[in-house]
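To start, the structure itself, in structure tokens.
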Amino acid sequence: MTFWKPSPLGGNQNKRTVGRNFQPIFLILFTLSMTTVISLRLAYLQIIAGAEYRSQAESNRVRIIPKQPERGNIFDRNGKLLASNRSPRSVYLWPMTHTQPGWDSVGSRLEKILDIPKEEIATTLEEAGPNSSSLVLIARELTEAQVTAIKEYENELQNVEVRTSSVRYYPEGQVLAHILGYTRELTPEQLKERRDSGYRLGDVIGQMGSERAYENLLRGEWGGQEIEVNAAGRPIRILADQPAIPGDDITLTIDLNLQKAADKALGKYKGAIVALDPNNGEVLAMVSRPTFDPNIFSKQKLSQKDWESVQGANHPLVNRALSAFPPASTFKIVTTAAGLESGKFSPNTVLQTYGSLTISGQRFGEWNHAGFGPLGFVGAMQWSSDTFFYQIARSVGGPTLIEWTRKFGFGERTGFEFTTEESRGLVPDDEWKRRTQKMPWTIGDTINMSIGQGALLTTPLQVAVMFAVPGNGGYRVQPHLLKDNQEAKSWREPVNMKPATLKVLRDGLRRVITQGTAQSLNKPTLPPVAGKTGTAEAWQGKVKRNHAWFGGYAPADKPEILIVAFTEHSGGGGGSLAAPMVLEILEDYFQRKYPGKFQP
């Protein structure tokens with residue numbers, strides 16, 4: 001019996017078609033490829049980019065509320081407050097705010113309340129980085145109306161914080177502007193340089209004066225709270241709390257009362273006044289005009305009026321006490337020292353003076369156009385005779401005069417703390433002249449230099465250091481401003497002059513006051529004063545407008561204060577303009593310190 005018979009259509013109906021040819025290989029390769037891709041992606045996410053994604057996740061869960069340190073206070077030598085801090089209310093934002101849905105609404109509302117374009121706010125947040133977990137300062141000095149508006153719209157203003165911030169305050173305003181300087185938010189360039197030192201976006205930094213010189217002491221260290229938040233951004237718990245460490249308070253050598261007296265004495269004139277203790281170099285006062293109000297830099301934005309107050313042709317931000325000018329006849333102190341120390345002249349030398357002298361075919365005039373007859377060193381200092389000192393310089397020569405110029409500290413910084421603001425001045429010599437003018441040094445250059453003219457440039461602070469040498473008995477002091485800087489206080493370098501030279505200098509400077517060009521300071525309101533006048537020829541455009549100088553110290557036999565006054569392009573003379581300024585300051589100092597001792 002047949003149970004099966006072939007199909008009439010023919011062919012084998014049980015043939016296998018699945019899994020034949022390349023199908024199994026394709027499936028295996030496809031599966032391996034997908035597995036490899038997934039593994040590589042997981043490796044990338046967990047190993048290579050793991051830290052970044054963990055940071056992003058952490059920034060969504062943990063937020064840091066920074067605590068700004070209080071900047072250290074600045075006091076004068078008597079404990080009077082010169083610089084402190086205010087605590088205005090400010091607006092802060094979380095950096096990720098502008099990347100989240102709803103930013104347009106938040107930004108538009110803040111733009112109306114703060115009067116700051118939302119694009120500008122977004123740029124500030126972008127600079128911090130969207131993954132930053134620290135608050136970023138957006139606006140400070142909020143008005144009551146602005147605070148009220150932010151509270152009214154707090155449901156719209158997610159991730160917006162109103163907190164107090166620390167802002168620098170200078171109670172004396174313009175009086176101490178160049179001494180204290182100012183603080184300002186870091187520029188982008190400064191942030192790049194200082195980020196590794198712990199500075200962050202929105203930090204303030206000392207930009208000038210004491211604020212810059214003592215930045216490391218005054219700054220302090222940031223603190224903050226690390227807070228865990230939920231998905232809605234609400235605080236759950238405090239994970240860590242690090243208190244901010246305030247900056248150190250510092251005490252300056254400045255006497256605020258003397259600073260105010262110097263500021264009043266200089267008045268409307270462009271120039272500078274410096275007062276030193278000639279024995280240790282402590283700066284008792286330093287005034288520069290034109291000046292400015294450092295409080296304007298504590299504003300987040302300066303108005304046009306603010307900018308105009310610190311810009312312009314008069315350069316109010318320039319500290320003229322540290323800027324270089326020709327020293328005029330005050331420099332005859334150096335010429336006297338060079339002449340006596342050279343061995344070519346004795347303290348008893350007497351020279352005839354003239355209306356003018358012709359040297360190497362060039363005429364050099366006397367300031368009174370007549371001469372003073374025969375004079376010794378003391379008499380020549382008394383009358384500030386030009387032709388006397390021409391003869392001294394011609395005899396000792398340029399190299400010796402230049403050597404003594406440098407011994408008195410000219411041509412280099414004094415060591416004062418404001419190194420970026422202080423000019424070195426200029427002591428010209430043969431090498432300098434060949435390099436800049438393609439000409440050799442001549443006897444005419446030496447003659448001009450002997451009376452503080454020519455290419456010689458000195459700062460009022462350097463001139464004060466020069467006057468301290470005869471005042472303290474032959475030492476060059478380092479001027480300094482930090483009261484507790486023991487190293488600077490004890491630093492004195494002997495100039496190594498003979499006692500006879502020092503006596504001539506001291507006698508000559510005293511004779512200037514008693515019988516010479518600055519008799520206005522020979523008053524019973526003061527102890528005996530010693531000093532020297534100077535009037536430097538200078539041109540302002542096509543108009544001749546001289547600089548006026550006077551430097552002096554008192555008491556003459558044992559000085560405790562030294563003052564140099566300088567007026568730039570004032571057109572006045574040292575004896576008629578600068579000397580009365582010093583008189584006014586000395587009277588304030590001695591009558592305040594020794595009440596009833598001197599006739600009012």
Side-chain angles (χ1 to χ4, degrees), residues 262 265-276 287-289 320-321 323-336 365-369 372 378-389 410 448-454 456-468 470-471 505 508-523 526 529-540 544-554 556 562-586:
L266 188 56
K268 64 179 182 180
Y269 288 99
K270 184 161 59 172
I273 293 177
V274 175
L276 294 183
V287 174
S288 176
R289 282 190 172 268
R320 283 167 167 79
S323 302
F325 307 90
S329 291
T330 61
F331 185 77
K332 290 170 181 174
I333 291 173
V334 176
T335 308
T336 297
E366 180 65 76
W367 68 266
N368 72 345
H369 309 293
F372 300 92
V378 172
M381 191 78 76
Q382 168 191 338
W383 294 115
S384 196
S385 170
D386 293 333
T387 54
F388 180 93
F389 290 101
F410 295 119
N448 279 327
M449 191 173 181
S450 71
I451 61 168
Q453 296 277 182
L456 178 67
L457 295 174
T458 64
T459 70
L461 185 61
Q462 288 175 330
V463 172
V465 171
M466 175 190 70
F467 273 99
L505 286 172
L509 295 174
R510 176 65 183 143
R511 188 83 70 82
V512 169
I513 308 300
T514 58
Q515 301 175 44
T517 57
Q519 295 181 49
S520 60
L521 280 87
N522 194 30
K523 290 183 175 292
L526 297 173
V529 179
K532 182 72 187 75
T533 57
T535 304
E537 290 188 354
W539 295 81
Q540 194 170 27
K544 185 178 181 181
R545 292 184 62 82
N546 293 340
H547 306 316
W549 290 87
F550 180 81
Y553 53 80
L562 181 160
I563 302 174
V564 169
F566 164 77
T567 60
E568 180 184 351
H569 293 304
S570 60
S576 61
L577 182 58
M581 293 179 180
V582 175
L583 167 65
E584 183 179 339
I585 302 166
L586 287 174

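Given the structure is predicted, the values throughout are model-derived calculations rather than measurements.
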Report task. Rounded to the nearest 0.5 Å, what's the gap from CH2 on Trp383 to CD on Glu366? Could you check? Result -> 12.0 Å
Query - Lys532 and Ser384: side chain donor to acceptor below 3.5 Å - result: yes
Query raised in the report: What's the shortest heavy-atom distance between Gly452 and Pro327, and which atoms?
Result: O-CD, 3.4 Å
Requested in this report: Mind running side chain to side chain contact (heavy atoms under 4.5 Å, CB included) on Asn522 and Val529 for me, showing each step along the way?
Outcome: CA-CA 7 Å; Asn522 194 30; Val529 179; over 6 Å; no
Report task. Under the side chain to side chain contact (heavy atoms under 4.5 Å, CB included) rule, what do Leu521 and Phe550 come out as? Steps first, then yes or no, please. Result -> CA-CA 11 Å; Leu521 280 87; Phe550 180 81; 3.9 Å; yes
Query raised in the report: Counting distance only, does the side-chain N/O of Gln453 pair as donor-acceptor with the main-chain N or O of Ala328 below 3.5 Å?
Result: no
Requested in this report: State, with a plain yes or no, whether a side-chain heavy atom of Leu509 is found less than 4.5 Å away from one of Pro470.
Outcome: yes
Query raised in the report: Taking atom CD of Gln540 and atom NE2 of His547, what is their separation to the nearest 0.5 Å?
Result: 9.0 Å
Requested in this report: Go through the side-chain N and O atoms of Thr514 and Gln519 and say whether any donor and acceptor fall under 3.5 Å apart.
Outcome: no
Query raised in the report: Going by heavy atoms in the side chains, are Gln382 and Thr517 under 4.5 Å from each other?
Result: no
Query raised in the report: Once you round to the nearest 0.5 Å, how far does CG of Asn546 lie from CG of Leu577?
Result: 11.0 Å
Report task. May I ask you to check whether Phe467 and Tyr553 place their ring centers less than 6.0 Å from one another? Result -> no
Query raised in the report: Between Ile333 and Leu505, is a side chain to side chain contact (heavy atoms under 4.5 Å, CB included) present by the stated rule, with each step listed?
Result: CA-CA 7 Å; Ile333 291 173; Leu505 286 172; 4.0 Å; yes
**Report entry** Gap separating the CZ atom of Phe410 from the CE atom of Met466, nearest 0.5 angstrom
**Finding:** 4.5 Å
Report summary line: The reported gap from CD1 in Ile451 to CZ in Phe389 (rounded to nearest 0.5 angstrom) is 10.5 Å
Requested in this report: State, to 0.1 Å, how close Leu457 and Ala324 come at their nearest heavy-atom pair, and which atoms those are.
Outcome: CB-CB, 3.8 Å
Query raised in the report: Would you say Met381 and Phe388 make side-chain contact, with heavy atoms under 4.5 Å?
Result: no
Report task. Decide if the gap between the ring center of Trp549 and the ring center of Phe331 is smaller than 6.0 angstrom. Result -> no
Report summary line: Minimal heavy-atom distance between Ala464 and Leu276, with the atoms involved, is CB-CD1, 3.7 Å
**Report entry** Exercise: do Ser450 and Thr335 side chains pair donor with acceptor under 3.5 Å
**Finding:** no
Report task. Check Gly574 against Thr535 and note the closest heavy-atom contact, atom names and distance. Result -> N-OG1, 3.0 Å
Report summary line: Smallest heavy-atom separation, Lys544 atom then Trp539 atom, equals N-CE3, 3.4 Å
Query raised in the report: Hey, does Ile585 have a side-chain heavy atom less than 4.5 Å from the side chain of Ile273?
Result: yes
Query raised in the report: Does a side chain donor of either Ser329 or Lys332 reach within less than 3.5 Å of an acceptor in the other side chain?
Result: yes
Query raised in the report: Sequence neighbours excluded, which residues qualify as side chain to side chain donor-acceptor pair (under 3.5 Å) partners of Glu568?
Result: Arg320
Report task. Report the C-alpha distance between Arg289 and Tyr269 in whole Å, list the side-chain angles of each, state the deciding distance to 0.1 Å, and finish with yes or no for side chain to side chain contact (heavy atoms under 4.5 Å, CB included). Result -> CA-CA 7 Å; Arg289 282 190 172 268; Tyr269 288 99; over 6 Å; no
Requested in this report: Over all heavy atoms of both residues, which pair between Ser520 and Gly575 is shortest? Give the atoms and the distance, please.
Outcome: OG-O, 4.3 Å
Query raised in the report: Rounded to the nearest 0.5 Å, what separation is found between the CG atom of Leu526 and the CG atom of Leu586?
Result: 5.5 Å
Requested in this report: Look at the rings of Phe372 and Trp367 and say which category their plane angle falls in: under 30° parallel, 30 to 60° tilted, over 60° perpendicular.
Outcome: tilted
Report summary line: For residues 569-584, the side chain to side chain donor-acceptor pair (under 3.5 Å) pairs (sequence neighbours left out) are Thr567-Ser570
**Report entry** Counterpart residues, side chain to side chain donor-acceptor pair (under 3.5 Å), relative to Arg510 (two or more places apart)
**Finding:** none
